[in-house]
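Below is one structure; the comments refer to it alone.
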Amino acid sequence: QKEVEQNSGPLSVPEGAIASLNCTYSDRGSQSFFWYRQYSGKSPELIMSIYSNGDKEDGRFTAQLNKASQYVSLLIRDSQPSDSATYLCAVSLGGSYIPTFGRGTSLIVHP
Amino acid sequence: GAGVSQSPRYKVAKRGQDVALRCDPISGHVSLFWYQQALGQGPEFLTYFQNEAQLDKSGLPSDRFFAERPEGSVSTLKIQRTQQEDSAVYLCASSSQDGDLEKLFFGSGTQLSVL
């Protein structure tokens with residue numbers, strides 16, 4: 001079992017809808033959580049970080065963290081075709097400063 | 001430079017050849033990471049430097065893999081006697097001690113194909 005789990009998808013949503021991406025992790029002591037976006041053939045780009053339980057909003061993006069359930073999610077409101085990419089969840093497991101990545105979820109936003 | 005620079009962008013090697021991949025991090029970034037990304041997978045950790053010190057090399061898959069950062073800036077990942085299973089994109093990332101060590105800025109990667 002991988003330490004950071006994501007559904008590989010693809011997740012297909014219509015333009016304007018809310019896309020919900022989920023991630024679970026194995027180490028209850030983890031403190032730092034990140035979402036990266038990776039366009040096809042490109043390198044990952046950090047879009048959100050979250051450290052405390054609850055929600056963190058940045059524009060159309062909301063990250064949600066539930067440490068008790070070892071669960072972190074990313075919501076994308078008003079999805080656009082330009083949001084079509086692979087979204088990577090990364091967790092600094094335990095006390096590590098080294099992010100461990102999930103396999104990523106492919107998101108397709110269709111017009 | 002403005003971002004993390006990696007070279008070469010593409011590398012084709014015959015099985016058994018040695019290769020060297022270069023990473024030039026963002027100026028002033030003390031932390032440098034190497035990851036390996038196979039097609040359809042997430043990045044897998046290889047090794048981590050803080051300045052010139054290699055603090056973690058637990059992800060290096062075999063003793064054919066070697067990384068260095070002698071002056072605390074440019075890093076080189078060397079793979080000896082390449083095998084087909086080494087074919088992947090090798091990503092370098094750096095982060096700043098002033099910000100958050102775990103917020104990584106990635107280079108464009110080196111796509112290695114071993115024939």
Side-chain angles (χ1 to χ4, degrees), chain A residues 1-10 21-27 29-52 56 58 63 65 72 74 85-107, chain B residues 2-7 9-10 21 23-26 29-51 53-60 67 88-111 113:
Chain A
Q1 182 181 5
K2 279 186 69 73
E3 296 170 299
V4 180
E5 296 264 14
Q6 294 182 259
N7 188 320
S8 62
L21 304 158
N22 305 315
C23 172
T24 58
Y25 58 95
S26 60
D27 191 323
S30 302
Q31 299 295 326
S32 305
F33 308 86
F34 308 90
W35 284 98
Y36 287 79
R37 178 176 60 201
Q38 187 172 28
Y39 291 114
S40 181
K42 302 296 185 183
S43 57
E45 172 193 15
L46 180 67
I47 53 172
M48 289 287 287
S49 60
I50 187 167
Y51 306 97
S52 304
K56 179 181 177 182
D58 184 0
L65 176 61
V72 57
L74 179 70
T86 296
Y87 289 81
L88 298 162
C89 173
V91 179
S92 295
L93 295 170
S96 170
Y97 286 110
I98 299 169
T100 297
F101 286 81
R103 66 179 298 178
T105 298
S106 174
L107 172 67
Chain B
V4 179
S5 177
Q6 290 189 248
S7 61
R9 183 71 180 88
Y10 302 94
L21 312 179
C23 173
D24 197 342
I26 293 172
H29 278 195
V30 299
S31 294
L32 186 145
F33 303 77
W34 284 99
Y35 286 83
Q36 179 191 60
Q37 187 172 27
L39 192 64
Q41 302 297 316
E44 294 280 348
F45 170 74
L46 294 177
T47 187
Y48 164 62
F49 290 85
Q50 189 168 91
N51 295 305
Q54 189 175 23
L55 298 185
D56 192 325
K57 57 181 181 179
S58 62
L60 296 177
V89 175
Y90 290 84
L91 294 167
C92 176
S94 68
S95 66
S96 169
Q97 199 161 25
D98 292 335
D100 188 326
L101 282 174
E102 301 143 283
K103 289 183 177 176
L104 306 186
F105 294 85
F106 282 89
S108 299
T110 294
Q111 184 169 331
S113 300

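Proteins get letters first, then strands, A, B, ... in listed order; numbering begins at 1 in each.
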For B:R9 and A:G41 the tightest heavy-atom approach is NH2-O, 3.5 Å

With a 4.5 angstrom heavy-atom cut-off, is it the side chain or the backbone of B:F106 that approaches chain A, or both, or neither? both

Where does B:L104 contact chain A at under 4.5 Å (heavy atoms): side chain, backbone, both or neither? both

Counting heavy atoms not belonging to B:F105, are there more than 12 under 6.0 Å from its CZ? no

Considering residues, nucleotides and ligands other than A:K56, do more than 12 of their heavy atoms fall under 6.0 Å from its NZ? yes

Could you tell me if the side chain of B:Y35 sits less than 4.5 Å from the side chain of A:S43, heavy atoms only? no

Which atom pairs, donor and acceptor, lie under 3.5 Å between side-chain atoms of residues 88-97 of chain A and protein residues at least two apart or in another chain?
from, atom 1, to, atom 2, distance (Å)
A:S92, OG, B:E102, OE2, 2.7
A:S96, OG, A:I98, N, 2.8
A:S96, OG, A:I98, O, 3.4

Residues of residues 31-39 of chain A with a heavy atom under 4.5 Å from any heavy atom of chain B, in residue-number order, are A:S32, A:F34, A:Y36, A:Q38

The complete set of salt bridge (Lys or Arg N to Asp or Glu O under 4.0 Å) pairs with one or both residues in residues 41-51 of chain B, sequence neighbours excluded, reads A:K2-B:E44

Sequence neighbours left out, what passes side-chain contact (heavy atoms from CB on, under 4.5 Å) with A:N22? Give chain and number order. A:S20, A:Y71, A:S73

